[in-house]
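Side chains are part of it too, since the values below use all heavy atoms of this structure and drop only hydrogens, waters and symmetry mates. Whatever order the structure lists them in is the order used to number ligands and atoms, beginning at 1. Numbering starts at 1 and runs along the sequence shown.
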Amino acid sequence: MASLDRFRVTGGTRLHGEVTVTGAKNSVLKLMAASLLAAGKSTITNVPEIADVEIMSDLLTRLGCAVVHENDCITIDVPEVLGYRADYDLVRKMRASINVLGPLVARIGKAEVALPGGDAIGSRGLDFHIKGLESLGASAHIEHGYVIANATDGLIGASVQLDFPSVGATENIMSAAVLAKGVTTIDNAAREPDIVDLGEFLLSMGAKIEGLGTPIITITGVERLNPTTHATIPDRIITGTWAFAAAMTRGDITIHGARARDLELPLEKLASAGAIVTTTADGVRVQMDSRPQAIDVATLPYPGFPTDLLPMVIALNAIAEGHSLVTENVFESRFMFVNELIRLGAQIAVDGHHASIDGVPELSGAPVEATDIRAGAGLILAALVSEGETTIDQAFHVDRGYPNFAEQLRSLGAQVSRE
Ligand code: UD1
């Protein structure tokens with residue numbers, strides 16, 4: 001399927017204009033999963049048009065929900081009696097499927113969720129998810145490729161310490177603890193805006209949660225939650241992608257609907273690369289007149305530099321003035337896409353979790369392949385500053401995270417087609 005599934009980009013245009021950022025993929029999928037916690041109709045707005053939303057809709061439908069998706073609004077009617085098995089054929093397509101685990105165990109005391117697939121960016125264990133549910137009194141183990149969890153007598157609040165502030169584990173534990181008996185604390189919890197968004201969704205369902213956005217989240221279990229209506233936060237990774245696109249192409253992009261406060265560090269880094277970054281009434285504007293200066297970056301959990309913007313930083317540094325060092329601290333295989341960038345003429349040496357980059361004035365177009373969503377987006381940005389034509393195969397990866405990317409790029413002046 002993949003070989004004809006590509007973006008075709010002719011480089012050399014400066015991107016100018018305005019875009020509107022949609023709801024965050026990494027938030028909406030978790031909100032959809034958390035709707036399982038209450039019987040009845042929950043409504044989520046600001047839903048992006050991406051393939052992963054359809055996969056999560058299919059997963060929820062198979063668990064017994066009636067899902068209606070119209071424009072940017074999704075309504076999930078959750079039955080009193082839910083299924084408990086999330087099958088491999090759906091789960092393998094998307095990491096976020098694991099987010100049904102916590103809600104199912106909390107609501108019906110039972111879940112069987114296939115070990116997830118998703119992007120090839122690293123090993124992505126589930127040990128924190130499993131240990132967390134065990135701390136709350138569930139039994140959980142992996143058998144025949146499935147996480148099997150049981151809590152027939154219900155969950156009981158406990159203190160959970162995470163070895164690493166995992167986004168997915170914090171989400172699963174939080175969305176299980178909201179229906180547990182008593183108080184749960186999550187120590188070393190993830191602080192990403194996606195966690196706060198999910199927490200606010202749960203609060204609006206009637207959950208009791210304190211400390212969202214801090215390393216210690218305290219949850220007091222309640223007996224029952226109610227369906228709710230909630231708007232997804234804007235996608236900070238798409239916002240960051242546009243911001244890097246403006247800086248790399250020496251362009252000028254105003255991103256409406258963006259929340260600059262979710263991206264403080266990336267925007268500061270772009271300013272140190274020479275960009276003019278302005279917060280506007282409803283978003284952010286990034287302008288660049290000259291060749292970017294190289295920037296050193298180390299990825300870290302929020303509020304650190306997001307690992308999902310690593311490919312964009314490497315692409316920018318590939319054409320920047322000077323030498324840079326980029327360190328990846330979250331996913332060990334993120335650098336896989338560097339080989340593709342080298343095909344475009346980038347000068348990059350990878351050693352363990354460091355990439356050492358010597359900027360070149362211009363890249364040259366070539367056929368390359370997207371290995372995951374963000375790598376695909378990074379390659380498209382690199383193609384925009386490559387002389388001649390670049391094709392980016394395995395484009396479906398990019399569709400998972402960037403609604404109408406080619407159309408939006410064209411509206412900013414880029415020469416891009418999606419084939
Ligand atoms: C989420 C995002 C992903 C983002 C990442 C970090 C979704 C669907 N994906 O992924 O885009 O790059 O956060 O911001 O929201 N780990 C373990 N054991 C566990 C759980 C995690 O060892 O049980 C490790 C992972 O292998 C990784 C690190 O912890 O090295 C961080 O992973 P985590 O924060 O859980 O990322 P995801 O939730 O999978």
Side-chain angles (χ1 to χ4, degrees), residues 23-34 48 50-53 55-56 59 91 93-102 113 115-135 140-142 147 149 160-176 186 188-198 215 232-233 235-238 240-241 262-263 265-266 298-313 327-335 337 353 371-378 397-398 400-402:
K25 164 178 110 54
N26 286 354
S27 206
V28 73
L29 300 171
K30 327 304 178 57
L31 304 178
M32 290 174 73
I50 49 171
D52 280 14
V53 165
I55 301 172
M56 185 58 91
L59 189 53
V91 173
K93 297 181 185 163
M94 180 180 81
R95 171 81 178 177
S97 316
I98 195 65
N99 274 68
V100 300
L101 181 64
V113 183
L115 293 173
D119 293 311
I121 54 177
S123 61
R124 307 184 91 174
L126 286 180
D127 46 332
F128 306 154
H129 300 242
I130 290 176
K131 271 193 224 152
L133 289 178
E134 283 175 343
S135 305
H141 65 283
I142 292 174
V147 181
V160 179
Q161 167 90 36
L162 293 176
D163 292 342
F164 186 90
S166 153
V167 173
T170 302
E171 289 165 344
N172 253 331
I173 298 163
M174 181 164 76
S175 33
I186 310 175
N188 199 22
R191 299 159 64 185
E192 268 70 2
D194 329 359
I195 302 282
V196 178
D197 200 27
L198 173 61
T232 317
I233 54 166
D235 197 309
R236 69 197 158 98
I237 306 301
I238 296 183
T241 304
D262 291 346
L263 274 170
L265 193 51
T299 67
L300 280 175
Y302 191 84
F305 195 96
T307 169
D308 284 349
L309 287 177
L310 179 101
M312 295 55 167
V313 175
T327 304
E328 169 58 39
N329 291 311
V330 184
F331 290 113
E332 74 266 25
S333 308
R334 278 272 188 212
F335 287 140
F337 97 108
H353 62 137
T371 46
D372 70 75
I373 307 178
R374 309 303 170 190
H397 283 298
V398 180
R400 288 188 45 215
Y402 292 85

Report task. Can you sort out which atoms of ligand 1 are near V167, meaning under 4.0 Å from one of its heavy atoms? Result -> 13 (O), 14 (O), 33 (P), 34 (O), 35 (O), 38 (O)
Report task. Would you check the N or O atoms of F164, main chain and side chain alike, for any that come under 3.5 Å of an N or O of ligand 1? Result -> no
Requested in this report: Compute the shortest N/O to N/O distance between V330 and ligand 1 and return yes if it is under 3.5 Å, no if not.
Outcome: yes
Report summary line: Numbered in order shown, the ligand 1 atoms found under 4.0 Å of a heavy atom of D127 are 17 (C), 18 (N), 19 (C), 22 (O), 23 (O)
Query raised in the report: Looking at ligand 1, does any of its N/O atoms fall within less than 3.5 Å of an N/O of G168?
Result: yes
Query raised in the report: Taking non-hydrogen atoms only, is L126 closer than 4.0 angstrom to ligand 1 via side chain, backbone, both or neither?
Result: backbone
Query raised in the report: Backbone or side chain, does any N or O of D308 fall under 3.5 Å from an N or O of ligand 1?
Result: yes
Query - Region of H129 engaging ligand 1 - heavy atom pairs below 4.0 Å - result: both
**Report entry** Distance, nearest 0.5 Å, that separates NE2 of H129 from CG of L101
**Finding:** 8.5 Å
Query raised in the report: What do the steps show when you test D163 against N188 for side chain to side chain contact (heavy atoms under 4.5 Å, CB included), and what is the final call?
Result: CA-CA 7 Å; D163 292 342; N188 199 22; 5.9 Å; no
Requested in this report: Mind listing the closest non-hydrogen atom pair of Y402 and M312 along with its distance?
Outcome: OH-CE, 3.4 Å
Query - Minimum heavy-atom distance between P165 and A190, given as atom pair plus value - result: O-CB, 3.4 Å
Query raised in the report: What about A169: any of its N or O atoms under 3.5 Å from an N or O on ligand 1?
Result: no
Query - Atoms of ligand 1, numbered as shown, that sit under 4.0 Å from any heavy atom of R334 - result: 12 (O)
Query - Residue selection (non-hydrogen contact nearest atom 19 (C) of ligand 1) among G401, G125, P301 - result: G125
Query - Any side-chain heavy-atom pair of R191 and T170 under 4.5 Å - result: no
**Report entry** Options R95, E171, K30, R400, ranked by nearest heavy atom to atom 15 (O) of ligand 1, top entry
**Finding:** K30
**Report entry** Element-labelled atoms of ligand 1 that are located less than 4.0 Å from some non-hydrogen atom of T307
**Finding:** 6 (C), 12 (O)
Query raised in the report: If every non-hydrogen atom of S97 is compared with every non-hydrogen atom of L59, which pair is closest and at what distance?
Result: CB-CD2, 3.7 Å
**Report entry** Test item: L133 and N172 side chains (from C-beta on) under 4.5 Å apart, heavy atoms
**Finding:** no
Report task. Of all the heavy-atom pairs spanning L29 and M56, show the shortest one and how long it is. Result -> O-CE, 3.4 Å
Query - Where D262 and R236 come nearest, the two heavy atoms and their spacing - result: O-CD, 3.8 Å
